Every structure is written in structure tokens, then in C-alpha cells.
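These figures come from a predicted structure and were not determined experimentally. First the proteins, then the strands, lettered A, B, ... as listed; each starts at 1.
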There are 2 protein chains.
Amino acid sequence: MKLTKTSEYALRILSFMARKPEELYPARHLVEQLKISDKYLRRLMTDLSKAGFIRSIKGREGGYVFAKNISEIHLSQIIDAVEGMEKYMGCVLGFGECSDDNPCVMHESWLPMREKLMNVLNNKTLADFNYNKINKY
Amino acid sequence: MKLTKTSEYALRILSFMARKPEELYPARHLVEQLKISDKYLRRLMTDLSKAGFIRSIKGREGGYVFAKNISEIHLSQIIDAVEGMEKYMGCVLGFGECSDDNPCVMHESWLPMREKLMNVLNNKTLADFNYNKINKY
DNA sequence: ATTAAATGCTACAAGATTGTGGCATAAAAT
DNA sequence: ATTTTATGCCACAATCTTGTAGCATTTAAT
């Protein structure tokens with residue numbers, strides 16, 4: 001089970017911000033806390049802005065704030081915004097034509113797991129985590 | 001849920017061979033059927049040989065045959081042989097220190113799914129698929 | 001107005017993964 | 001013995017992902 005670093009970063013950033021969803025977060029602050037390089041983080045922030053999760057405030061005293069309620073931001077949407085969800089939905093053996101009607105040999109064994117993955121990614125939102133339990137970041 | 005192409009290929013190749021586990025498969029044959037490039041496939045075959053799953057027979061009339069019973073070849077072992085299993089076991093947010101004792105915010109939500117993945121990969125063997133159902137390859 | 005501190009964008013660099021070329025080696029067929 | 005058809009290996013090429021540099025733009029503070 002491996003997301004790309006890009007998706008990892010996006011989830012890290014937004015779940016970090018979600019601990020205090022009303023605050024304004026300058027890139028500098030996120031970079032320090034999450035140890036992601038400045039330039040790459042800001043590139044991701046642009047994607048996340050365009051997707052409508054956050055809004056950027058330019059200029060001095062600027063930064064990023066949530067643009068919608070964190071309970072409306074699903075994990076799959078985040079991944080989709082930064083790299084696309086398609087790649088996580090394909091056949092485990094990489095056959096383009098694999099489907100319920102025309103399954104690869106592993107289809108039947110693999111499907112329940114992929115369903116579970118999709119359930120998590122589609123149903124969980126940024127509001128669904130217990131941030132108080134955590135001493136990380 | 002995404003394995004690398006390398007792992008996909010390895011699973012494709014071995015599950016293809018497992019339909020008729022006694023046969024000898026020249027690389028040419030596998031390449032034609034599975035549409036993997038000749039050189040890359042042979043590189044993978046070398047890894048799979050070194051791991052002891054198959055044995056190569058050189059020279060004319062050569063090819064590859066299983067070196068152990070397919071019921072003894074677990075999916076996780078295959079992945080491990082060609083690219084290592086570690087990367088599939090890490091924290092979903094990419095935190096090296098993430099553990100049950102020191103979890104990231106998503107740990108609790110993510111763990112059941114990763115467990116399920118590990119169950120499939122660790123417990124399923126090449127003998128556990130219903131090859132008769134399949135019209136692919 | 002000027003400066004300081006922030007984001008936005010484009011193009012390039014580095015690294016990892018995947019794919020290829022060329023040749024050496026092995027063994028059966030002739 | 002020679003030829004044909006296999007695998008083995010090494011180094012390089014192409015592509016994809018991740019990271020960086022530089023500069024433009026925006027806005028608050030002074």
C-alpha cells in the first residue's frame with residue numbers, strides 16, 4: 001500500500017492544518033513543521049488551492065486558510081487534486097481490460113481489498129481524525 | 001492501491017506460468033503472451049531465479065520452469081524478490097516514526113486496510129487462484 | 001513611496017523507475 | 001565443429017517523479 005510522496009505530502013499538509021482549521025498558515029510555517037521543501041510545498045499548495053480546498057492570501061501576513069469545511073474534504077479528493085486517483089483503481093496485474101466480467105486471475109482475491117481502500121479514501125474526510133490523540137508534527 | 005510495474009510484471013509472469021506449472025516457458029513465449037519487453041522480462045526472470053521460485057535452463061530448448069511448488073510461493077515473497085516489500089509497509093503519511101505507540105493522525109483508520117493487504121500478500125500463494133475461470137492472457 | 005514578507009509561475013536539475021543494445025555464454029540440432 | 005536458439009549481464013537511454021532556482025507579483029507595515 002503505497003501512495004506517492006506527492007499524495008503523502010498533500011495529506012500531511014491538510015491534516016496538519018485541520019488540527020486548527022481556522023488558522024492561517026504561511027508556507028514557511030508548514031515547511032518548518034512538516035519538513036517538506038519550500039518550493040515543492042508551494043507547488044502543492046497551488047494545486048490544493050485550485051481544487052478549492054484552501055485559499056491563498058498573498059502579500060505580507062499572507063498564507064493559506066481552508067476555503068471549505070474540513071468535513072467536506074474527502075481523502076480521495078485530495079489525492080485526485082495532486083496526482084489523480086486513476087492509478088489507484090487499476091488491475092493489480094496491470095491489465096487494462098480487467099473487470100468483473102473479464103477478470104484477471106487475482107481479481108477476485110484483490111477486489112475486496114481495493115474496495116476497502118476506496119471506502120476509506122472516499123468516505124473519510126479531514127474531520128474524521130482524532131487530532132487530540134496525536135503528539136506528532 | 002498501486003504496486004509498481006515491476007511487481008505487476010513479476011506477478012503476471014508467475015501467475016501465467018502457474019496455469020500449467022509443469023511446463024517449460026522460454027522467455028520468447030512469455031514476452032509474446034504478456035506483452036512485456038524481452039530484456040526487462042529477462043532481467044526479472046533472473047531475480048525470480050535467484051529467489052528460487054524458478055530455474056532457468058540455458059541453451060537451445062531452454063527456458064524457465066518452477067523450482068518449487070507453486071503452493072509454496074507467496075505473493076509477498078514475489079514482490080520482495082523484485083523490489084522489496086518495505087515500501088508497502090510504511091506510514092500512509094510517510095512518517096518514519098509512525099507506530100501503534102506513536103501514531104500519525106490517520107494511523108488508526110489506515111491500519112485495518114494495511115493489515116488486509118498484508119494478509120492477502122502474505123497468505124495467498126500462486127496455487128490460490130482459479131485459473132480455469134480466466135480467459136485472459 | 002519604499003521595504004519586507006508573503007504567494008505564483010516557469011523552467012530546469014536530480015533521482016528513481018522502466019526500457020534497450022550489445023555481446024558473452026550455454027546447449028541442442030545439424 | 002558449426003549453427004541455431006536459448007539465457008546472463010552490463011552499461012546506457014528514456015521516462016516519470018521529486019526537488020530547486022530565480023524572478024514576478026501582491027499586500028501590509030513603515
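Nucleotide D:dT7 holds its P atom 14 Å from the CD1 atom of B:Ile36, rounded to whole Å. As a whole-Å value, the separation of A:Lys87 NZ from D:dC16 P is 11 Å. The distance from atom CZ of B:Arg42 to atom P of D:dA6 is 10 Å, rounded to the nearest whole Å. At whole-Å resolution of the value, CG in A:Leu3 and P in D:dT17 are 14 Å apart. Nucleotide D:dG19 holds its P atom 14 Å from the CG atom of A:Asp47, rounded to whole Å. Straight-line distance from the CG atom of A:Asp38 to the P atom of D:dC23: 16 Å, rounded to whole Å. When rounded to the nearest whole Å, the span between CE of B:Met45 and P of D:dA6 equals 14 Å. The distance from atom CG of B:Leu41 to atom C1' of D:dG8 is 13 Å, rounded to the nearest whole Å.
Partners of A:Asn122 according to the side chain to side chain donor-acceptor pair (under 3.5 Å) rule, which considers only residues two or more places apart in sequence or in another chain, are A:Ser76. The side chain to side chain contact (heavy atoms under 4.5 Å, CB included) search around B:Ala67 returns B:Arg55, not counting sequence neighbours. Shown here are the side chain to side chain donor-acceptor pair (under 3.5 Å) partners of B:Lys87, two or more places apart in sequence or in another chain: B:Glu83. Applying the side chain to side chain donor-acceptor pair (under 3.5 Å) test to B:Asn123 and every residue at least two apart in sequence or in another chain returns nothing. By the side chain to side chain contact (heavy atoms under 4.5 Å, CB included) test, B:Arg60 is found to be paired with no residue, residues two or more places apart in sequence or in another chain being considered. Qualifying side chain to side chain donor-acceptor pair (under 3.5 Å) partners for B:Asp80, counting only residues two or more places apart in sequence or in other chains: none.
Contact check for B:Met85 versus B:Gln77: no side-chain heavy atoms found under the 4.5 Å cut-off.
No engagement by A:Ser49 is indicated, since no non-hydrogen atom pair under 4.0 Å with the nucleic acid exists.
Note that the first and last nucleotides of DNA chain C, 5' to 3', having any atom under 4.0 angstrom from a heavy atom of chain A are C:dA4 to C:dA11.
Each of A:Glu61 and A:Tyr40 lies near DNA chain D, and the nucleotide nearest A:Tyr40 is the one positioned closer to the 5' end.
The existence of a salt bridge linking B:Glu8 and B:Lys2 is confirmed by a sub-4.0 Å separation between a basic side-chain nitrogen and an acidic carboxylate oxygen.
The side chain to side chain donor-acceptor pair (under 3.5 Å) analysis of residues 103-120 of chain A, with sequence neighbours excluded, yields the pairs A:Asp100-A:His107, A:Glu108-B:Lys133, A:Ser109-B:Lys124.
Using modelled atom types and a 3.5 Å distance limit, the side chains of B:Ser99 and B:Asp101 yield no donor-acceptor pair.
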Between protein and nucleotides 10-15 of chain D, what N or O pairs are separated by less than 3.5 Å?
from, atom 1, to, atom 2, distance (Å)
D:dA11, N6, B:Arg43, NH1, 3.4

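For B:Arg60, the side-chain atoms get nearest to D:dT5 when compared with the rest of D:dT18, D:dA6, D:dT5.
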List the atom pairs, with distances to 0.1 Å, where a side-chain N or O of residues 39-53 of chain B and a protein N or O form a donor-acceptor pair under 3.5 Å, not counting sequence neighbours.
from, atom 1, to, atom 2, distance (Å)
B:Tyr40, OH, B:Thr6, OG1, 2.7
B:Arg42, NH1, B:Asp38, OD1, 3.4
B:Arg42, NH1, B:Asp38, OD2, 2.6
B:Thr46, OG1, B:Arg42, O, 3.0
B:Ser49, OG, B:Met45, O, 2.9

Name each donor-acceptor pair under 3.5 Å that joins a side chain in residues 21-29 of chain A to protein atoms two or more places apart or in another chain, with its distance.
from, atom 1, to, atom 2, distance (Å)
A:Tyr25, OH, A:Met17, O, 3.2
A:Tyr25, OH, A:Lys20, O, 2.9

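Contact annotation: B:Thr46 side-chain N/O to D:dG8 OP1/OP2 distance is under 4.0 Å.
A heavy atom closer than 4.0 Å to some atom of DNA chain D occurs in A:Lys58, A:Gly59, these being the qualifying members of residues 52-59 of chain A.
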